[in-house]
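Just the heavy atoms: all of them, side chains too, but no hydrogens, waters or symmetry mates, feed the values below.
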Amino acid sequence: MRRVSEVYFYHLTRQRVDQALRPLLSKCLANGWRVVIRGREAAEIQQLDDALWQGPAEEFLPHGLAGTAQEADQPVLLALEGHEAPHDCLMCIGGSAVTADEVLSSKRVCILFQDDNGQHMQNARAQWKSLTEAGIAAKYWSQAQGNWALQAEKEASNA
């Protein structure tokens, strides 16, 4: 198992999830990584799928839905909690959970949460606490001032 150096928390104050995901996914694909985007609600996953298909042609991100015949061929897979799929990077949206073991077996984990959703904010705080208490390094990024800025950082420890 390869230990990931950090889990990244992205506090969305100026963008929707699909907008914030585009540059993150582009970087992952440029690294040759397979990405799983995990959500809690089917409607949310379907909305994200639709938004990614409707983006500008020059920003197209190849992706598909979990449970389809082409699932194994997708560089970006949209899945509900509970669906296991091989990945290099796991991106959790909509308050989706992630465990310390999942972080440790991934090259990167990103947790994206909306400022206007109190439940997602609470979930992100709880995840920060549980993952950092498990010894995992974490960085909290916010776009409240316009551009992404590092707001908090916790180094890895031997928990």
Side-chain angles (χ1 to χ4, degrees), residues 1-115 117 120 123-124 127-128 131 136-144 146-153 156:
M1 240 188 268
R2 181 186 183 284
R3 183 178 174 113
V4 69
S5 59
E6 298 165 320
V7 58
Y8 296 86
F9 289 77
Y10 292 99
H11 183 173
L12 306 178
T13 60
R14 298 177 179 260
Q15 292 178 307
R16 297 183 319 267
V17 169
D18 65 286
Q19 294 169 321
L21 279 173
R22 287 182 185 280
L24 295 173
L25 290 171
S26 293
K27 288 177 185 178
C28 289
L29 294 176
N31 285 333
W33 291 353
R34 183 158 193 240
V35 179
V36 170
I37 300 173
R38 176 189 292 164
R40 295 178 87 178
E41 299 177 16
E44 175 184 48
I45 292 295
Q46 188 59 57
Q47 287 173 346
L48 179 58
D49 181 46
D50 293 344
L52 291 176
W53 280 112
Q54 295 171 9
E58 65 276 5
E59 294 179 16
F60 176 72
L61 296 164
H63 69 282
L65 295 169
T68 63
Q70 298 80 23
E71 175 178 322
D73 299 326
Q74 300 301 329
V76 176
L77 186 68
L78 308 179
L80 289 172
E81 277 185 333
H83 185 88
E84 298 294 324
H87 63 272
D88 299 297
C89 180
L90 175 62
M91 296 191 179
C92 297
I93 62 171
S96 182
V98 63
T99 66
D101 286 341
E102 288 177 307
V103 174
L104 296 175
S105 66
S106 300
K107 291 181 180 175
R108 177 153 312 151
V109 171
C110 302
I111 297 170
L112 291 84
F113 57 100
Q114 296 285 164
D115 186 66
N117 188 310
H120 294 177
N123 289 352
Q127 287 174 322
W128 174 278
L131 293 173
I136 295 170
K139 289 187 177 180
Y140 165 67
W141 297 87
S142 175
Q143 59 183 180
N147 293 325
W148 286 107
L150 182 63
Q151 301 294 314
E153 183 172 8

J.: Shortest non-hydrogen contact from C110 to C89?
T.: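 Looking at all heavy atoms of both residues, the closest pair is SG-SG, 4.4 Å.
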J.: Please determine whether side-chain contact (heavy atoms from CB on, under 4.5 Å) holds for the pair L48 and I37, giving the CA-CA distance in whole Å, both sets of side-chain angles, and the decisive distance to 0.1 Å.
T.: CA-CA 10 Å; L48 179 58; I37 300 173; 3.8 Å; yes
J.: Quick one: CG on D115 to OG on S142, what's the gap to the nearest 0.5 Å?
T.: 7.5 Å
J.: Decide ring pair (Phe, Tyr, Trp, His ring centres under 6.0 Å) for W33 and H87; before the verdict, give the C-alpha distance in whole Å, the side-chain angles of both, and the deciding distance to 0.1 Å.
T.: CA-CA 7 Å; W33 291 353; H87 63 272; over 10 Å; no
J.: Nearest heavy-atom pair of P86 and V36: which atoms, and what distance?
T.: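 Taking P86 first and V36 second, the nearest heavy atoms are O-CG2, 3.9 Å.
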J.: What are the two closest heavy atoms between G32 and D88, and how far apart are they?
T.: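 That would be O-OD2, 4.1 Å.
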J.: Between R38 and A97, is there a donor-acceptor pair closer than 3.5 Å when you use the side chain of the first and the backbone of the second?
T.: yes
J.: Starting at CD of Q54, measure out to CG of D49 and round the result to the nearest 0.5 Å.
T.: 9.5 Å
J.: Can you give me the closest heavy-atom contact between P62 and L29, atom names plus distance?
T.: CD-CD1, 4.0 Å
J.: Going from CG on L52 to CG on L25, what distance comes out if it is rounded to the nearest 0.5 angstrom?
T.: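 Spacing of CG (L52) from CG (L25) equals 7.0 Å.
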J.: Minimum heavy-atom separation for E71 and G67, please, with both atom names.
T.: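 That closest heavy-atom pairing would be OE1-N, 2.7 Å.
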J.: Write down the atom of I111, the atom of V98, and the distance for their closest heavy-atom approach.
T.: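 Residues I111 and V98, closest heavy atoms: CD1-CG1, 3.8 Å.
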J.: First locate atom CZ of R40, then atom CG of N123, and finally report the distance between them rounded to the nearest 0.5 Å.
T.: 5.5 Å
J.: Kindly say whether G64 contributes a backbone atom to a donor-acceptor pair with the side chain of Q74 at under 3.5 angstrom?
T.: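 Flag set: sc Q74 to bb G64 pair under 3.5 Å.
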J.: Only one of R16, R22, Q15 passes side chain to side chain donor-acceptor pair (under 3.5 Å) with D18; say which it is.
T.: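 Between D18 and the candidates, side chain to side chain donor-acceptor pair (under 3.5 Å) is satisfied uniquely by R16.
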J.: Judged by atom type as modelled, is there a donor-acceptor pair below 3.5 Å linking the side chain of Q46 to the main-chain atoms of A42?
T.: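 Flag not set: sc Q46 to bb A42 has no pair under 3.5 Å.
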J.: Between the side chain of S106 and the main-chain N/O of V109, is any donor-acceptor distance below 3.5 Å?
T.: no
J.: Looking just at side-chain N and O atoms, do N147 and Q143 make a donor-acceptor pair shorter than 3.5 Å?
T.: no
J.: Taking it one step at a time, do F113 and Y10 satisfy side-chain contact (heavy atoms from CB on, under 4.5 Å)?
T.: CA-CA 6 Å; F113 57 100; Y10 292 99; 5.8 Å; no
J.: Does Q114 reach the main-chain N or O of V17 with its side chain, forming a donor-acceptor pair under 3.5 Å?
T.: yes
J.: With C28, which of M91, R108, R34, K107 fulfils side chain to side chain contact (heavy atoms under 4.5 Å, CB included)?
T.: M91
J.: Can you check ring pair (Phe, Tyr, Trp, His ring centres under 6.0 Å) on F9 and W128, steps first, answer last?
T.: CA-CA 8 Å; F9 289 77; W128 174 278; 5.2 Å; yes
J.: Quick one: do Y8 and Y140 satisfy side-chain contact (heavy atoms from CB on, under 4.5 Å)? Show the steps, please.
T.: CA-CA 6 Å; Y8 296 86; Y140 165 67; over 6 Å; no
J.: I need the L78 CG to L21 CG distance, nearest 0.5 Å.
T.: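 So the gap between those two atoms works out to 9.0 Å.
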J.: Can you measure from NE2 (H63) to CG (L61) and round to the nearest 0.5 angstrom?
T.: 8.0 Å
J.: With no hydrogens and no angle check, is any side-chain donor or acceptor of H83 less than 3.5 Å from a backbone partner on E81?
T.: no
J.: Report yes or no: does H120 contribute a side-chain atom to a donor-acceptor pair with the main-chain N or O of G94 at less than 3.5 Å?
T.: yes
